[in-house]
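Here is the structure we will look at.
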Amino acid sequence: MTSIKNIAVLTSGGDAPGMNAAIRAVVRTGLYNGLQVFGIRRGYEGMVHGDIFPMDAKSVANIIQRGGTILKTARSESFRTPEGRRQAWDHLKAHGIDGLVAIGGDGTFTGAAQFAQEYDLPIVGIPGTIDNDLMGTDFTIGYDTAVNTAIDAVDKIRDTAESHDRLFVVEVMGRDSGLIALRTGISIGAEAVLIPEIKVDYEAMMDRLDRSRKNKSSRIVIVAEGDEAGGGFAVADRIKARFPHYDVRVSILGHIQRGGRPTCQDRVLASRLGVGAVAGLLAGRKNEMAGSIHGQVEFISFKNAVKHIGTINENLVRIVEILAL
Ligand code: F6P
């Protein structure tokens with residue numbers, strides 16, 4: 001066990017449904033263990049500017065079901081500078097904070113790793129991003145909700161596409177990651193899925209799309225925003241250039257995927273990782289992310305968590321192709 005007495009919690013980077021459930025779990029686990037718990041508003045930006053306040057059990061009441069983050073979030077430029085990090089450290093010390101839980105994605109953990117190199121503060125991370133693009137966890141908080149939101153939207157698009165015999169190109173989020181696109185694509189029966197991790201064979205895709213006309217009156221192509229073609233409109237242009245007679249429409253789902261009530265999976269994951277992160281801090285863990293692997297809480301260094309390499313299961317890509325007949 002450590003001598004940690006005062007911990008702080010922040011959310012940083014893009015918000016994700018389930019972040020509130022994670023905040024609640026961190027605050028209540030801290031209180032359960034007799035710690036004083038502080039909230040930091042607007043992520044590292046609030047740390048740099050000293051936007052730090054005490055939290056109690058009541059301050060996290062009635063939030064487990066809410067999307068967004070009650071702590072607010074930001075992508076902080078000032079924390080990237082040595083002066084910004086020095087100010088952040090001064091504010092933490094002034095509050096007597098001797099442990100930090102940072103909830104976010106790769107930018108959050110890259111910042112945490114940098115801070116930990118310069119200052120002696122134990123930090124444990126919780127993966128909160130709709131992109132699911134971190135190593136060391138099977139799922140990130142928010143991914144399941146985002147995918148379900150996308151599925152719900154595309155099911156509706158399918159109804160109108162079917163009525164008009166149209167082809168829809170639907171762009172989902174994921175600047176560097178195609179995981180939302182891939183899971184959504186399988187779930188809605190997409191005719192093709194385009195993701196940044198895999199080079200597209202456009203000829204093969206066009207052939208598949210044309211072949212599938214025999215069996216279907218509507219077709220849906222799911223495109224991750226970071227796809228090499230340049231997103232939904234660019235893909236639609238290519239399809240129209242090849243098949244001018246197709247009735248093509250584009251729908252960009254955008255930030256709707258970041259909001260909404262978290263699913264059961266995200267609430268449970270957030271609760272487990274919140275409890276696990278504080279337990280980890282108290283057990284002396286530092287500069288690691290608490291992830292969930294096969295239902296167990298496991299820890300991985302920040303450095304390794306942000307290596308988003310090889311997380312695409314190529315079998316899933318193949319499944320889309322097989323089932324798109
Ligand atoms: O990282 C989560 C994410 O939603 C990505 O999928 C997306 O590319 C990005 O954030 C958008 O960020 P912002 O809301 O800052 O434009």
Side-chain angles (χ1 to χ4, degrees), residues 10-23 41-46 67-69 71-80 102-113 125-137 139-154 169-185 187 193-198 222-235 250-263 266 269-270 273 289 291 302 305-309 311-312:
L10 60 78
T11 50
S12 162
D15 62 350
M19 277 185 164
N20 279 327
I23 295 166
R41 290 192 194 88
R42 293 176 299 116
Y44 294 131
E45 193 63 16
T69 160
L71 290 178
K72 300 193 178 290
T73 185
R75 301 189 196 274
S76 175
E77 281 308 317
S78 47
F79 194 69
R80 291 181 205 272
I103 306 169
D106 54 356
T108 306
F109 302 146
T110 304
I126 296 179
T129 163
I130 63 164
D131 290 343
N132 201 31
D133 58 348
L134 293 166
M135 303 299 284
T137 191
F139 294 104
T140 57
I141 297 164
Y143 175 61
D144 187 61
T145 307
V147 169
N148 277 292
T149 300
I151 290 170
D152 187 50
V154 182
V169 177
V170 181
E171 183 186 298
V172 298
M173 273 192 159
R175 203 164 23 209
D176 307 308
S177 168
L179 291 169
I180 294 177
L182 195 50
R183 216 167 173 85
T184 302
S187 304
V193 175
L194 306 182
I195 56 178
E197 292 89 341
I198 293 184
I222 302 285
V223 182
E225 62 176 323
D227 158 70
E228 60 166 1
F233 284 104
V235 171
V250 180
S251 186
I252 312 282
L253 299 190
H255 286 78
I256 189 174
Q257 295 157 95
R258 286 242 294 263
R261 299 165 64 231
T263 58
D266 279 331
L269 179 66
L273 294 181
M289 182 194 86
F302 287 140
V306 300
K307 281 187 189 151
H308 169 52
I309 300 167
T311 49
I312 288 292

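Basis for what follows: all heavy atoms, side chains included, without hydrogens, waters or symmetry-related copies. Since we're looking at a predicted model, the values are computed, not measured. In listed order, ligands and their atoms are each counted from 1.
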Tell me, do E197 and S177 make a side-chain contact under 4.5 Å, heavy atoms counted? yes
Distance to 0.1 Å, residue and atom name: give those for the protein heavy atom nearest to atom 13 (P) of ligand 1. R75 NH2, 3.7 Å
Give me the nearest non-hydrogen protein atom to atom 8 (O) of ligand 1 as residue plus atom name, then the distance to 0.1 Å. E225 OE2, 2.4 Å
Looking only at protein heavy atoms, identify the closest one to atom 9 (C) of ligand 1 and say how far it is in Å. R175 NH2, 3.6 Å
Give me the nearest non-hydrogen protein atom to atom 6 (O) of ligand 1 as residue plus atom name, then the distance to 0.1 Å. D131 OD1, 2.7 Å
Side-chain contact, heavy-atom cut-off 4.5 Å: L253 with V170? yes
Distance from atom 14 (O) of ligand 1 to nearest protein heavy atom, with residue and atom: H255 NE2, 2.7 Å
If we ignore angles and hydrogens, is there a donor and acceptor under 3.5 Å between the side chains of T263 and N148? no
Within the 4.5 Å heavy-atom criterion, are M135 and M289 side-chain neighbours or not? no
Where is the tightest heavy-atom contact between R183 and Y143, given as atom of each residue plus distance? CD-OH, 3.0 Å
Side-chain donor or acceptor of Q257 paired with backbone N/O of V172 under 3.5 Å: no
Show which atoms of ligand 1 fall inside a sub-4.0 Å distance from at least one heavy-atom site of I130. 4 (O)
May I ask you to identify the nearest protein heavy atom to atom 11 (C) of ligand 1, giving residue, atom name and distance to one decimal place in Å? R258 NH1, 3.5 Å
For ligand 1, find out whether one of its N or O atoms is nearer than 3.5 Å to an N or O atom of G174. yes
Quick look: I180 vs ligand 1, heavy-atom contacts under 4.0 Å, and the answer is neither
Note, F79 side chain near E45 side chain (heavy atom, < 4.5 Å): no
